[in-house]
Each structure stands twice: as structure tokens, then as C-alpha cells.
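First up is the structure itself, then whatever we jot down about it.
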Amino acid sequence: MRFELSPASPAGKWLGFDTAVWVQAISGNNYTFSNYSDALKSLMALTQLQLNNLSVAKDVGKAFGILAGLASDRLPTPVILLIGSVEGFIGYGVQPHSAPPLLGSVLVTCIRNFRKNRGPVSGILKGYVGLSTAIFTDICSALFADDPAKFLLMLAITPFIVCLAAVVFLRETPPSSTAAEDSDDTKYFAVINVLAVIIALYLLSFDVSGADGRLIAQVFAAILLILLASPISIPIYVAAKNFIRSESETVVNVEENVTVPLLAAEEEKKVETTSLAVKRRRPVPGEEHTVFEALRTVDFWILFVSFLCGVGTGLAVMNNLGQMGFALGYTDISIFVSLTSIWGFFGRIFFGWISEYFIKKAGTPRPVWNAASQIVMAVGYILLAMAMPGSLYVGSIVVGICYGVRLAVTVPTASELFGLKYYGLIYNILILNLPLGSFLFSGLLAGFLYDAEATRTAGGGNMCIGPHYYRLVFVVMAIACVIGFGLDILLSIRTKSIYSKIYVSRRSKKHLVSSGR
């Protein structure tokens, strides 16, 4: 057996996942609008509604993910990544122009490759999206702070090179076929989780410490690059392990060859073999759905609306942090943006893993964690509405965590309810909630209510100073989260039998393997 790192090999599959992580880590600055929104508002004499319409515009690019979803279900992953990398190179960065084809395709491919670890896959990849702003900005600022031309060049070249690496190594491969491989995958994901947490804490400590000086910044960037490259140790380890292992140890276990969908594989095969003679019955949750079949289910729209209540209100806070901080008397709101980003990462990384753990241990429906995040987010909005001392710090942390939970948990939930065959398009329909929520809660709600109370300035813009200006906005968003909480509880009840079957299926297969050894 040779030392193999080809994309089709087990080590190659992990190398592909590493490149997916790197693509997320340089995915851009979509969540930094609040850092410069107040200056933009003053410079251009904008009203809050006009400013919020700009914030909505930066999210509208995600709507084009529908096209990427169609492509991801029909074109090979390398083709989509190549298109996205060229688009990003021409547009000087992957965000927002190439984010839909790149990030959606990367996520869908990795979930298909590691379908028994969907929670960790979603949490890790979405977590690195949350960290991407700090990673890319800190590295480029440390290395090219004195040369804007080189900074712009790196903004174009770095994503292009990383995406080309993903073109070579990231592609759909057969999922793990034995219990031993599943166990190994779980351990490797735990290692990547730990590395991701170390990177987040490292970034947080550097930003909080305010370390200065060219040399210190360069040392920081060098260590950060090493940490980002460290996940490559996993495919090297897997390749070395397979190289050493004797071919005689290979065990073929028919019971472990689980294919899409996650539930009732044997029954699905029977349906496929008789599909020419018998009209295809309507699938039930847990089986493969076409896009139109998924759209005709109640479960899809419950998930869609509850997702809107969570991410829509979260984006409204992120887009308006600048004005919220100014109204409460803060002059520098960058710390709130950092808190939202870092704690959003922790929400994604931990609850992606936690939701998967409780499915395997007790069959707990994944939407339960969405429900918990909704009610905690509602409490956070009430705290922000009360405008107590330090409430913006607490609110930023709460919103970051709960926003991260929604992203990490909803993504695998959709794949478990509607299957993976057409998941690319289904996923991109779900994330239409990002521009839609941004428009409803940020562009309309926050913009109109702010302008109704604001004081006109001499240049034609407006401004608000005082905690009462956003109070009604927070109350309305808290009500929206309570509605989302009710919908998530309803979805948890409706899908309890699905997750019970997943739990029983995994337990029975593990028992069969252990009893056969």
C-alpha cells in the first residue's frame, strides 16, 4: 500500500476538508459593516433608512446562491470552485461576489462527504466564516499595513490561490463505510474543533491586548499562519496510517455501507428498483426530496420562518451596532463587532458538535437547540431594550452566540429532513433568509423607527443619542424570537420520530459491528 493523498483516498478526503476550511477562513468581511457605517453615514449625510438599505445591499448577493445551488446539484465541485475563484480574483476578493457559489458549494460537498458528522462539519465551516474577517484582516494588516497597493493585491491573490487548492483536492467522495472509519472521523473532527478554538482565542487575545509594533505583528501573523495550516496534519496522519496498515486488516461489512438518505437505506433501494413500474410515492421527512417536494412540506416552511426570526434579527443588530453604540454614548464600537464575531464562532463550533453528540447519545431532535437559542436571543434583546450599563456588551455576546447556533444547527437539520441529493439548492433557498431578514429587520424596521425619532443634522443626515431610540426595535425583535421559539418547538415535536430512527439505526449498526468482532 502506497502513501496516497489523491482526492478519492481517505486521506485525500480530509485534505479536501482542510482546503474547505481555508476557503471559509478567507471568505471576506461581510460582518464588518458596523465598523465603518457611522463614518459612512456622516460623510454622505445619509438617513438611517438609506444607510440600512446599503447594509441590505451587501447581503443581497446571497440571493444569487440559488444559481449556485442549481449548479452544485448538477456540476462537479471543482468546476463551481473554479468559477468562484476566477470571479473572486476579478472582483478583488471572494466576498460578496463569489461567496454564494464558493461557500455554498464547499459546505454542501463536505456534508455529503461526512454525512454522519453533519453537525461538526457545519459548525466548523460556519465557524471559520465567522472568524474570516479577523483572520484575513489581521494577517494582511500585519504584513502590508504600510503598502495599500500590496494589500489590494493580496486581497485578490490569496483567495484565488486558496480556491485553486480547493479545486484540486475538494470533491465529492464516498462516505465512510465502516464503524472504525466513523469513529476515526469523530476523533479527527474533535482535533479540528480544538485547533479552531485555539485560533479563536489567539485572535481574541491579540485584539484585546492591543499589541503594537511591526515586529510583533509579523510574529503574530506567522504563528497564525502556522495554526491555520495545522489541520493538514490529519490527512498526513491518515495517509501514514493507511500506508503502515496491512491490507489483510481490511474488513468488508455490508451492513455499514450506508448511502443517502440517512434513514431507511434498504427501503429507499426498494423504492428505486420499483420506480419504473409504480408511481413514485410522496417522500416522508428523512427521505430524499426534490426541491419542489421539500417546498410542499409543512416542515420546510416551519424551518424557513424560524430561521428568518433568528438570523434576520441577528443581522439587524450586526448591521446597526455602530448607531446603537453611538446612541448609548460609545465612541468606538469595534469591540462590539469583535465580540459578536468571536462569540458567533463559539456558538457555531460548539453547538454543531453538541447537537451531533446528543443525536448519537439520546436521539435529541436538532431543532431543540434552535429553540433554545431563540429564547436566549429574546432575553438578550430585552436586555438591550432596557439599556442597562454594560447591556450592549452582554447583548453583543448573546446575539453572536445565538446567531452562530442558528447557522450551525439549521444547515444539517435541512439535510436530515430532506436528504442530500438536492441539498445544494434546498440549502441556498434557506439562506435567502439572510437578505430577506436583513431587509425586513434592518432595512425596514430599524431604519424606519430610527428615522422617525432621529434629529436632523445640518448636512441633511440625522442622528440619535439616547437608549430609547432602539427600544421599540429590540422589543419587536424579541417578539419575533418568541415566535421562532414556538416554531422550533413545533418542529422538534414533528421530527422526534426521525431523530429516534437515526439514533436506533446508528446504535444497531454499532452493536452489530461490535458483536461481530
Side-chain angles (χ1 to χ4, degrees), residues 59 62-63 65 107 111 118-119 122-123 126 285-286 289 291 293-318 344 347-348 351-352 354-356 358-359 364-382 398-419 423 425-442 444-445 473-499:
D59 295 318
K62 296 180 179 66
L107 179 64
I111 284 184
R118 305 181 195 199
S122 174
K126 288 293 184 181
H289 288 65
V291 175
E293 287 170 342
L295 292 176
R296 287 199 294 266
T297 64
V298 175
D299 292 329
F300 178 87
W301 292 108
I302 293 175
L303 184 63
F304 185 91
V305 177
S306 70
F307 192 45
L308 174 65
C309 293
V311 299
T313 58
L315 277 175
V317 172
M318 295 177 190
R348 301 175 208 208
F351 281 89
I354 288 172
S355 64
E356 193 74 29
F358 279 96
I359 289 176
T364 305
R366 218 184 283 268
V368 165
W369 305 103
N370 276 339
S373 73
Q374 291 276 42
I375 203 66
V376 172
M377 186 178 272
V379 173
Y381 291 146
I382 296 300
V398 169
V399 170
I401 292 174
C402 296
Y403 183 85
V405 172
R406 293 265 10 164
L407 290 176
V409 172
T410 302
V411 168
T413 298
S415 71
E416 287 156 348
L417 297 184
F418 308 115
Y423 179 63
L425 184 54
I426 292 173
Y427 163 76
N428 281 284
I429 291 175
L430 276 175
I431 64 170
L432 284 175
N433 276 305
L434 296 178
L436 178 61
S438 181
F439 171 72
L440 292 176
F441 291 102
S442 181
L444 292 183
L445 177 66
V473 175
F474 290 131
V475 170
V476 172
M477 293 196 301
I479 294 172
C481 285
V482 171
I483 294 172
F485 168 77
L487 291 173
D488 285 321
I489 290 294
L490 176 61
L491 188 61
S492 299
I493 296 172
R494 290 176 61 90
T495 59
K496 183 174 178 58
S497 61
I498 298 173
Y499 288 97

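Remark: Phe351 CZ to Ile354 CD1 distance equals 4.5 Å, nearest 0.5 Å. To the nearest 0.5 angstrom, Arg406 atom CZ is 15.5 Å from Ile401 atom CD1. Here OG of Ser438 is found 11.5 Å from CG of Asn433. Values are rounded to the nearest 0.5 Å. Rounding to the nearest 0.5 Å places OG of Ser306 at 9.5 Å from CG of Leu490. Rounding to the nearest 0.5 Å places CG of Leu487 at 7.5 Å from CD1 of Ile483. Separating the CG atom in Leu295 from the CD atom in Glu293 is a distance of 10.0 Å, to the nearest 0.5 Å.
Proximity of Val379 to Val398: side-chain heavy atoms (C-beta onward) are nowhere separated by under 4.5 Å. The closest side-chain heavy-atom distance from Phe304 to Leu430 is below 4.5 Å. By the 4.5 Å heavy-atom criterion applied to side chains, Met377 and Val405 are not counted as neighbours. In this structure, the side chains of Pro367 and Thr495 come closer than 4.5 Å at one or more pairs of heavy atoms. For the pair Val317/Tyr403, no side-chain contact is recorded, criterion being any heavy-atom separation below 4.5 Å from C-beta on. Tyr381 places none of its side-chain heavy atoms less than 4.5 Å from the side chain of Val476. Side-chain atoms of Val475 and Ile479, non-hydrogen and from C-beta on, do get closer than 4.5 Å to each other.
In this structure, the side chain of Ser122 engages the main chain of Ala408 through a donor-acceptor pair within 3.5 Å.
Note: Phe418 and His289 have perpendicular aromatic rings, judged against thresholds of 30 and 60 degrees for the angle between ring planes.
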Practice task
Test Arg366 against Ser355 for side chain to side chain donor-acceptor pair (under 3.5 Å), laying out the working first.
Solution key: CA-CA 6 Å; Arg366 218 184 283 268; Ser355 64; 2.9 Å; yes
Exercise for the section: Just do the side-chain contact (heavy atoms from CB on, under 4.5 Å) check on Ile429 and Phe300 with the steps written out, would you? Expected result: CA-CA 10 Å; Ile429 291 175; Phe300 178 87; 3.7 Å; yes
Handout entry: side-chain contact (heavy atoms from CB on, under 4.5 Å) between Val411 and Tyr423, worked out
Key = CA-CA 10 Å; Val411 168; Tyr423 179 63; 2.9 Å; yes
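Checking each of Leu407, Thr413, Leu432 against Phe307 for a side chain to side chain contact (heavy atoms under 4.5 Å, CB included) leaves exactly one that passes, namely Leu407.
Ala316 and Met477 get closest at one heavy-atom pair: CB-SD, 3.7 Å. Here the shortest heavy-atom pairing between Pro365 and Ser492 reads CG-O, 3.7 Å. Nearest heavy-atom pair across Cys309 and Cys481 is O-SG, 4.0 Å. Pairing each heavy atom of Pro412 with each of Arg118, the nearest pair is CB-CB, 3.6 Å. The minimum heavy-atom distance between Ile498 and Gly286, with the atom names listed, is CD1-N, 4.2 Å.
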